[in-house]
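Beneath this line is the structure, given in structure tokens, with notes to follow.
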Amino acid sequence: MGHDLTYRYTHVEAGLVENVVIRRTSDTETYPSGWKYTLHLGTLGDLTLIRYDNAHEDTKGHERHTGDDETSVEFPGMEALIVEFWASADEYWEPTDGTPPRPY
């Protein structure tokens, strides 16, 4: 069962790191949504500001991490989730005048 890379980028600026990896997967036993993803914004000092992932989708579902907090979230679809991530991440980028390379 494979994972086909769909989209990936890393942007580092002003002490922040935005890393997005999205893969379409045929492993629907482990990833029932058909996606394997990590949408991450953090600091160069390894502090997670916001991260969405489904690293353990088959057992824990979809998660949102902020700092040390972890909450389960509904999966609205890949496109809607990345838009939600970008909106949340923009709250951090705007004050630092960053310009992540996003396709919108």
Side-chain angles (χ1 to χ4, degrees):
M1 296 188 192
H3 304 290
D4 296 326
L5 184 62
T6 301
Y7 189 67
R8 174 184 209 138
Y9 72 87
T10 300
H11 182 78
V12 180
E13 186 176 340
L16 298 178
V17 178
E18 186 169 297
N19 186 48
V20 170
V21 180
I22 301 170
R23 297 180 182 276
R24 193 65 144 137
T25 181
S26 58
D27 181 0
T28 55
E29 185 174 315
T30 305
Y31 300 99
S33 66
W35 297 98
K36 178 180 180 183
Y37 63 87
T38 300
L39 315 173
H40 174 83
L41 177 69
T43 68
L44 291 175
D46 290 331
L47 174 66
T48 296
L49 300 172
I50 185 166
R51 182 176 74 244
Y52 289 86
D53 69 46
N54 66 335
H56 309 284
E57 183 179 346
D58 58 338
T59 57
K60 293 173 65 178
H62 302 267
E63 299 172 320
R64 176 184 166 139
H65 304 261
T66 52
D68 291 332
D69 293 329
E70 176 183 305
T71 56
S72 292
V73 295
E74 292 296 318
F75 181 67
M78 199 65 249
E79 185 175 337
L81 186 63
I82 196 163
V83 168
E84 183 178 325
F85 168 72
W86 283 336
S88 297
D90 281 350
E91 295 178 23
Y92 294 94
W93 281 115
E94 289 176 8
T96 62
D97 199 28
T99 53
R102 297 179 180 153
Y104 62 86

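As a basis for the values below, the full set of heavy atoms in this structure was taken, side chains included, without hydrogen atoms, waters or symmetry mates.
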For this session: Apply side-chain contact (heavy atoms from CB on, under 4.5 Å) to I50 and L39, showing your working.
Result: CA-CA 8 Å; I50 185 166; L39 315 173; over 6 Å; no
Would you say [Y] ends up clustered with [X] if hydrophobic residues are merged whenever their side chains have heavy atoms under 4.5 Å apart, either directly or through other cluster members?
X   : Y   : result
L16 : Y52 : yes
V12 : L49 : no
L41 : I22 : yes
Y31 : M78 : no
V73 : V21 : no

Problem set entry | Contacts of T30 that satisfy side-chain hydrogen bond (donor to acceptor under 3.5 Å, both in side chains) - sequence neighbours left out | D27
Close side-chain approach of [X] to [Y], heavy-atom, < 4.5 Å:
X   : Y   : answer
F75 : E57 : no
T66 : T71 : no
W93 : E18 : yes

Could you tell me which non-hydrogen atom of [X] sits nearest to which non-hydrogen atom of [Y], and how far apart they are?
X   : Y   : result
N54 : H62 : CB-ND1, 3.7 Å
E29 : D58 : O-CB, 3.6 Å
L81 : P76 : N-CG, 3.9 Å
H40 : T48 : CE1-OG1, 3.5 Å
T25 : K36 : CG2-N, 4.2 Å

Exercise. With a cut-off of under 6.0 Å to the ring centre and 45° to the axis, is R24 in cation-pi contact with W35?
Worked result: yes
Exercise. From R23 CZ over to L5 CG, what is the distance, rounded to the nearest 0.5 angstrom?
Worked result: 5.0 Å
For this session: List the steps and the verdict of side-chain contact (heavy atoms from CB on, under 4.5 Å) for Y37 and I82.
Result: CA-CA 10 Å; Y37 63 87; I82 196 163; over 6 Å; no
Exercise. Considering the options K60, R64, R51, which one meets the salt bridge (charged side-chain N to carboxylate O under 4.0 Å, His left out) requirement together with E70?
Worked result: K60
